[in-house]
Protein chains: 2
Amino acid sequence: MNTSLAITNRSLHDQVVSRVRDLIIEGVLEPGSRIDEASLIDELGVSRTPFREALRTLAAEGLLIVRPSKGSVVRKLTPEDVFAMLEVLGHLEQLAGELACERASDEEIQALVDLHNRMLVQYRARDRMPYYKLNQEFHSRLTELSKNDTLQEMQRNLQARLKRIRYIGNQRPDSWAGAVEDHEVMVSALKARDGARLGQAMAQHIANTWDRVKDSI
Amino acid sequence: MNTSLAITNRSLHDQVVSRVRDLIIEGVLEPGSRIDEASLIDELGVSRTPFREALRTLAAEGLLIVRPSKGSVVRKLTPEDVFAMLEVLGHLEQLAGELACERASDEEIQALVDLHNRMLVQYRARDRMPYYKLNQEFHSRLTELSKNDTLQEMQRNLQARLKRIRYIGNQRPDSWAGAVEDHEVMVSALKARDGARLGQAMAQHIANTWDRVKDSI
DNA sequence: TTTTTTGTTCTTGTATACAAAATACACAAC
DNA sequence: GTTGTGTATTTTGTATACAAGAACAAAAAA
């Protein structure tokens, strides 16, 4: 419909939300630190109104906390928080895997297998950043195959909250191989449309993630 | 403006959020209808800024949709939406049940049994509204026993979105008995700390809910 | 020297004003 | 009668101003 040349189809609100979200995920805004409205507004070149609305959205997403009359702080995750999130994420992805086996088309499964193969290339080249990005996509795409919008939404939300953690976890070289092996099992189960096995593999994969990250939180 | 004596520890934002959320859940603001900022602001006696911030929060909760430059509409749930939500909620509560069996204290379990007994009283008296409220509490409290904050948060969120649907479902008399039986099984499994059985029962209970409501959406 | 009090400054919360976009409506052309 | 166009009106989006609250620091008292 709107095929205008300008890219500004997105509302100012959405732009600010994703911009600040990235700042949090990338660690520019450190966990526990207070958000300096004035300087961020200045940097982003927007006024307070859309900025504050963006803060409310991010607070609802669980990325920051708005303390009445005391400003907003980037949410700091305790090990217990991370464990709780991974516990839930594990079960959500387990469900996603089972549903995907029932509901995905052959083409969709093949696309995921291709994605997995591309990940292997990056793994063999020890190219961490591209691998990391493909990994995020792998989990998102697999969840999409569940054909359950709510499930996708919740998975996306948890993934966003944990993005930094997961990145840290992946930085420890010894664990990388394990993650790749997990994916190997997942892909083979998906090809066989073995829902139970895929679900188990995904839950296990998330549980392994906890083992990988728990000491670095 | 601020009723001085009153304990207004809650920010205006929070008050507006829960007020509007209730209006949506109670059906005063009908699904699909546009939100008339001017009249609602007038009715609530607040200005646009906190009101709009509240809309952003509710949008993030999934209760309404903000269409840029076109106002906000109360989210209208399709049968597919409801099915997707119940599918996820079922698995979340299944997980909650299993965790509760591992992590809850005897006192906490006893408190839930007491709550169940109070529900039975209302059921025998055919007192629908008190039963409905206790039922919400039952599910919330059981989820609390999982000791997983993220799980609670997501359960709360889905429960809020589905609140109206569930109410409609409960209005059909023939299904009431079934729901009570489900709870009976759940409570007995909890007392026995039989996680697998409780999880199954909870998932089943949610699945039954779908059967009860699917024709009325 | 330590603690409490008070005043100043900075930050946040709320209201309002202004700009931009969308909708509704009237009138004209086909 | 239908379609199109231009204008008026309403509604939303953004900016800014003002008020209220919290943090901080300096001065006075213990």
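Proteins get letters first, then strands, A, B, ... in listed order; numbering begins at 1 in each. Only a predicted model underlies this, so the values are computations on that prediction, with no experimental measurement involved.
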pair A:R34-A:V74: side-chain heavy atoms closer than 4.5 Å:
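They are not in side-chain contact.
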Tell me, do B:Q136 and B:Y131 make a side-chain contact under 4.5 Å, heavy atoms counted?
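No. Closest side-chain heavy atoms not under 4.5 Å.
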With the side chain of [X] defined as its heavy atoms from C-beta on, choose the nearest nucleotide among [options].
X: B:T49; options: D:dT12, C:dT16, D:dA17; answer: C:dT16
X: A:V46; options: D:dA15, C:dT14, C:dA21; answer: D:dA15
X: B:S47; options: D:dA17, D:dA15, C:dA15; answer: C:dA15
X: A:R34; options: C:dT11, D:dT14, D:dT16; answer: C:dT11
X: B:S69; options: D:dA15, C:dA22, C:dT14; answer: C:dA22

Separation of atom [atom1] in [X] from atom [atom2] in [N], rounded to whole Å:
X: B:K70; N: D:dT10; atom1: NZ; atom2: C1'; result: 16 Å
X: A:I35; N: C:dT11; atom1: CD1; atom2: C1'; result: 14 Å
X: B:I41; N: C:dT16; atom1: CD1; atom2: P; result: 11 Å
X: A:F51; N: C:dT12; atom1: CZ; atom2: C1'; result: 12 Å
X: A:R48; N: C:dA17; atom1: CZ; atom2: P; result: 18 Å
X: B:L12; N: C:dT14; atom1: CG; atom2: P; result: 5 Å
X: B:H13; N: D:dA20; atom1: NE2; atom2: P; result: 21 Å
X: A:E53; N: D:dA15; atom1: CD; atom2: P; result: 11 Å

Are B:E30 and B:R75 close enough for a salt bridge, meaning some N to O gap below 4.0 Å?
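Answer for the salt bridge query: no.
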Dump the intermediate steps for ring pair (Phe, Tyr, Trp, His ring centres under 6.0 Å) on B:H91 and A:H91, then the final yes or no.
CA-CA 8 Å; B:H91 279 259; A:H91 278 258; 8.7 Å; no
